There are 2 protein chains.
Amino acid sequence: MPEEPHFLIEEKQREEKIRVTRAEVNAESYVEPLELGKRVREIRLSQSLTLEEASKLTGLARSTLSKIENDQISPTFSVVTKLAKGLGIDMPQLFTRPKEAVAATGRRDITRLGEGKPHPTPTYEHELLSTQLTNKKMIPYRTVVRARSFDEYPEWVRHEGEELLYVLSGSVLLYTEFYEPIELMAGDSAYYDCAMGHSLVSTSADDAVVLWVTA
Amino acid sequence: MPEEPHFLIEEKQREEKIRVTRAEVNAESYVEPLELGKRVREIRLSQSLTLEEASKLTGLARSTLSKIENDQISPTFSVVTKLAKGLGIDMPQLFTRPKEAVAATGRRDITRLGEGKPHPTPTYEHELLSTQLTNKKMIPYRTVVRARSFDEYPEWVRHEGEELLYVLSGSVLLYTEFYEPIELMAGDSAYYDCAMGHSLVSTSADDAVVLWVTA
DNA sequence: AACCCTTGTTTCCAATTGGAAATTTTTATT
DNA sequence: AATAAAAATTTCCAATTGGAAACAAGGGTT
């Protein structure tokens, strides 16, 4: 029975409910159909495996594999994990858009002013740049730091990597663990280890804009 | 009810069956148990989001998020996808092991406008930022691209790594191998693999200023 | 202390997943 | 073609997921 996959149907049903909310908060974060099934099948066939063999390798039922490959179910995380283990694929590889294999063509991604992928949070208004390329060594954001008072600065953030901060306009106050807060004006920059607690507030009357690059 | 997660129990049962086969065929491409829940919580908190806010961003129920973070369910693929989209995470990042947070000593380096270390070349006028810190993952420059005519644009440059280019003022023409030259205006950015030949000239009447970050 | 409000957890249940087996389709062989 | 064997899909159903709502656990306020 060639019905529409459940989770796609469900997707639509919810669409209604959450449309407004989602649009408000994050105008542009919908889940594309992404053909997991197609990817999986490609990988299996590239190893010349039958469903039965893949089944043995992954510990998943033949039927389950078939359904996944035909996008009839949305496998659970644990199933995806088994799949990856059994077929010897990197998880990331599974999700990375196969897009044009980069091969001979160089990787390049242009982002025009204001055309990044918006990602608002209560505190900041991030705009992800260069979202076409995946597996980048750096992740660049252009971020609007909303004008706000001192005493409500956000919690420390801590994570892997290093960060470069360049103030494009306005002025901000950079809080980092182990140091006194420091005010940065347009043109100033900071480089720090993200393992230190850090957070940023705007000190200008209006919003400040910064470029943030994480490695 | 603090029972053992279903999908973990089941994991063990099947273990027996597939052990031998798996060892034969693919002895070593193990994606460890990875605590998805913990990761997700980290990421959510790093953005100072509440479950409610994350719920709005992802379109998932608060309860669902809670269960995921507490490893009480194995979310379906479509749910994981929504999660990643909503929270603005690269899928791969979700699965990559978070090397234990470096006991932070606190590396931080502030560079005031114009106080970087000058490094002039015939073509550009680089100003190295954050020169106090060594062993950085990224090397940031603020570079003035001298106004110049088209036909004397510099040779390709090729080297290791990836580069982010952000135009601070003026406009420039970015030449990269495999692509047509493209004009970038203030606020535009480009990300590319440095293995591609690349070079930059200014197209504005006066000098252009760009931020260049190499990883 | 009683109350309200926010954040996170748990319960309940309808909807979906995943396995075993049945069924259909494809491929190979006469 | 006809048949057998292999491979893939579908069906059926028990087990699990995911949403709504109830619940619990703080934080402030009055």
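Below, chain A is the first sequence line, B the second, and so on; all start at residue 1. Keep in mind it's a predicted model, so treat the numbers as computed, not measured.
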Grab the [atom1]-[atom2] distance between [X] and [N] for me, whole Å please.
{"X": "B/I73", "N": "C/dA15", "atom1": "CD1", "atom2": "P", "value": "18 Å"}
{"X": "B/I68", "N": "C/dG8", "atom1": "CD1", "atom2": "P", "value": "14 Å"}
{"X": "A/K67", "N": "C/dA15", "atom1": "NZ", "atom2": "C1'", "value": "14 Å"}
{"X": "B/Q72", "N": "C/dT9", "atom1": "CD", "atom2": "C1'", "value": "8 Å"}
{"X": "B/L51", "N": "D/dA25", "atom1": "CG", "atom2": "C1'", "value": "14 Å"}
{"X": "B/E52", "N": "D/dG19", "atom1": "CD", "atom2": "C1'", "value": "13 Å"}
{"X": "A/D71", "N": "C/dT17", "atom1": "CG", "atom2": "P", "value": "11 Å"}
{"X": "A/F77", "N": "C/dG18", "atom1": "CZ", "atom2": "C1'", "value": "17 Å"}

With a 4.0 Å limit, can you tell me whether [X] has a side-chain N or O closer than that to the phosphate oxygens OP1/OP2 of [N]?
{"X": "A/R44", "N": "D/dA7", "value": "no"}
{"X": "A/R62", "N": "D/dA6", "value": "no"}
{"X": "B/N70", "N": "C/dT9", "value": "yes"}
{"X": "A/T64", "N": "C/dG18", "value": "no"}

(message) Taking the side chain as everything from C-beta on, heavy atoms only, tell me whether B/L65 gets closer than 4.5 Å to B/L83.
(response)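 Touching, per the 4.5 Å side-chain cut-off.
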(message) Does any part of the side chain of B/P140, heavy atoms only, come nearer than 4.5 Å to the side chain of B/T111, both counted from C-beta?
(response)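 No, too far: nothing below the 4.5 Å cut-off.
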Select one nucleotide: of [options], the one nearest the side-chain heavy atoms of [X].
{"X": "A/R41", "options": "C/dT9, D/dA8, D/dA20", "value": "D/dA8"}
{"X": "A/S63", "options": "D/dT17, D/dG18, C/dG19", "value": "C/dG19"}
{"X": "B/T76", "options": "D/dT17, C/dT9, D/dT9", "value": "D/dT17"}

(message) Ignoring hydrogens, what is the shortest heavy-atom contact between A/K136 and A/S130? Give both atom names and the distance.
(response)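 Scanning both residues, the minimum pair turns out to be NZ-O, 3.0 Å.
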(request) Using the six-membered ring wherever Trp is involved, compare the ring planes of A/W212 and A/Y124 and label them parallel, tilted or perpendicular (cut-offs 30° and 60°). (result)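 Perpendicular: the ring planes of A/W212 and A/Y124 meet at over 60°.
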(request) Select base, sugar-phosphate, or nothing to describe what A/S66 touches, counting heavy atoms under 4.0 Å on all strands. (result)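 Base, at least one base heavy atom under 4.0 Å.
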(message) Strictly below 4.0 Å, N to O, side chains only: are A/E53 and A/K56 in salt-bridge contact?
(response)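 So A/E53 does not pair with A/K56 through a salt bridge.
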